[in-house]
Structures are given as structure tokens and as C-alpha cells.
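Computed from a predicted model, the values in this text were never measured in an experiment.
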Amino acid sequence: MNNRVEVFRGLFNYKYFTYKLRDSEHVPGVWKNTFLLILLSGLVFGISAYFGIGSEYLSKKLTSISREEYEMQKLLFMAGQTILGIVFGAIMIFLPALFFWTLSDVDLKKLLTVQFFVLPIFLFEKIIGIPLALSLGLTQVSSPFALGTIAQYITGNDFVIYFLASISIFKVWAIFIEYKYLKILTGKNPKIVLLMVIGINLIIWLFAALVSFIQFDKIL
């Protein structure tokens, strides 16, 4: 599993790769794939920022600042989003892998490899959000693939809305992939594995909602 093709094959052909990964004595290319996927994450976030996704607060400043200052802030926003993408990629690869590693005797490199199959799902969701935002004006909170839209009809609590907006069919897909791999790799009771997977993802969703909630307050 030392190239990008293996990463995507492992995402869609998990029934074969779960056993291949379990029976492998060595997992080559782990750090190379980690580096490349983290860079890819930064690139996706940077492209999203280039199209102005998430920069609505800048539009509000358009009439109150000079054109030069506006362009500079756009550039800084794009750079900040690229860095955020790099951090996001690193967290989504290392945090779950380290969490699962502390609760099992599976080699860390194998757990990192599992996250190689998960991160592209999140990046695909990010990419899908670009045309939705440009053509329909839909933000992440209003994504048709997440629970944020429903949440806006049942509650006025911004934190709850952001939390439910973090739960999408892509996140469910990621949980499914993690569960399938970890069930074979760890050999633990499936219920325990499912609890582990949901637990770490729930923590990530709560943290993401908190960050979005804080940013929302600053914009207001």
C-alpha cells in the first residue's frame, strides 16, 4: 500500500483490503502517503477559499475598506484556509489512529493506513460543497447531505445546528469504513469497535461545532 491508487482501492474494496492489511507484516509508504494526503487536504481547502467559500464576512467589508485591503484580506483568508486544511488533514489522520492505537494492540502504521481511506471521504465532501455554494448559495450548515438543514427547522440553538450540520452521509460513510477495518484488525467485539469509532467521531463533531460556533459569534 505504497501509492495513491492503493489508497482509493482500499476505500472502495474494503472487503479485500481489510484482510490484506491485517496479514501484512510491513506497511510501506505510510509516511509518504501521510504527507501527500495532508498536502491534498490543504490544497482542497485552498481551492475552496479561492472561490470565496466561507468568506462571506469579507463581502460585508467590501464597502468599508479599500480595494487593495480587500484583496489582501482575501489572500490572507486563502492562506489561512490552506493552513487550516493542512491541520485538518493531520488531525483526521493522526487523532483517530492514535485513539484506536491506545485501545488495541494493532500496529500504528496499520491504523494510520485506515485513516488514508477515510480522509478522502471528507475531502470529497468539501469538494462537493464548492459547486453547491457557488450555484445555490448553500453553506455547510445548509448542505443537503447533512442534518444542518433539518436542525434549523427544529431549533434555534446555533451550537446544536452546527453540531448536526457536522453529521452527514459522508461522515456516516467514514464511520462505516473505520468500523469495517477495525473490526478485522482488532478482533474485538463488534459492539466495542462500533463504540470506539462513534466515540472518537462524536468528539471530533463536537469540537468542529464548537469552533464553528465561536467563529459565528465573531462574525456577528
Please walk me through it: do D107 and L111 pass side-chain contact (heavy atoms from CB on, under 4.5 Å)?
CA-CA 7 Å; D107 181 32; L111 294 173; over 6 Å; no
Under a 3.5 Å distance rule, please check whether [X] uses its side chain to pair with a backbone N or O of [Y] as donor and acceptor.
X    : Y    : answer
K110 : R22  : yes
T155 : A151 : no
K188 : L103 : yes
S48  : V44  : no
S166 : Y162 : yes
S41  : L37  : no
T149 : S142 : yes

With ILVMFWY side chains joined below 4.5 Å, transitively, what does V172's cluster contain besides itself?
none
[X] and [Y]: same hydrophobic cluster, using ILVMFWY side-chain contacts below 4.5 Å?
X    : Y    : answer
L43  : L39  : no
V160 : L206 : yes
I203 : V211 : no
L36  : I121 : no
W31  : L40  : yes

Are the side chains of [X] and [Y] in touch, meaning some heavy atoms are under 4.5 Å apart?
X    : Y    : answer
L132 : P144 : yes
Y179 : P190 : yes
L112 : N33  : no
F163 : L202 : yes
I150 : L164 : no

For the student: nearest non-hydrogen atoms of [X] and [Y], plus distance:
X    : Y    : result
V118 : I177 : CG2-CG2, 4.2 Å
F45  : Q81  : CB-O, 3.2 Å
F116 : V30  : CZ-O, 3.3 Å
I161 : G156 : CD1-C, 4.5 Å

Quick check for you: to the nearest 0.5 Å, what is the distance between [X] atom [atom1] and [Y] atom [atom2]?
X    : Y    : atom1 : atom2 : result
L138 : I53  : CG    : CD1   : 10.5 Å
I192 : L195 : CD1   : CG    : 6.0 Å
T82  : F77  : OG1   : CZ    : 9.5 Å
M78  : L75  : CE    : CG    : 8.0 Å
I184 : Y19  : CD1   : OH    : 3.5 Å
M196 : L182 : CE    : CG    : 6.0 Å

Under the side-chain hydrogen bond (donor to acceptor under 3.5 Å, both in side chains) rule, collect the residues that match up with K171, sequence neighbours excluded.
E125
What residues form a side-chain hydrogen bond (donor to acceptor under 3.5 Å, both in side chains) with E178, not counting sequence neighbours?
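Expected list: Q115, N201.
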I130 vs I47, side-chain contact (heavy atoms from CB on, under 4.5 Å): CA-CA, chis, key distance, verdict:
CA-CA 9 Å; I130 296 175; I47 292 174; 4.2 Å; yes
Can you give the donor-acceptor pairs under 3.5 Å from side chains of residues 83-100 to other protein atoms, not counting sequence neighbours?
none

Scan for ring-ring contact (aromatic ring centres under 6.0 Å, His included) pairs involving residues 126-148, sequence neighbours excluded, and state none if there are none.
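Qualifying pairs: F145-F170.
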Holding to ring-ring contact (aromatic ring centres under 6.0 Å, His included), I want the full list of residues that pass it with F176, two or more places apart in sequence or in another chain.
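Expected list: Y14.
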Neighbour count above 12 (heavy atom, 6.0 Å) for W101 CH2:
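For W101, atom CH2 is not crowded (no more than 12 foreign heavy atoms under 6.0 Å).
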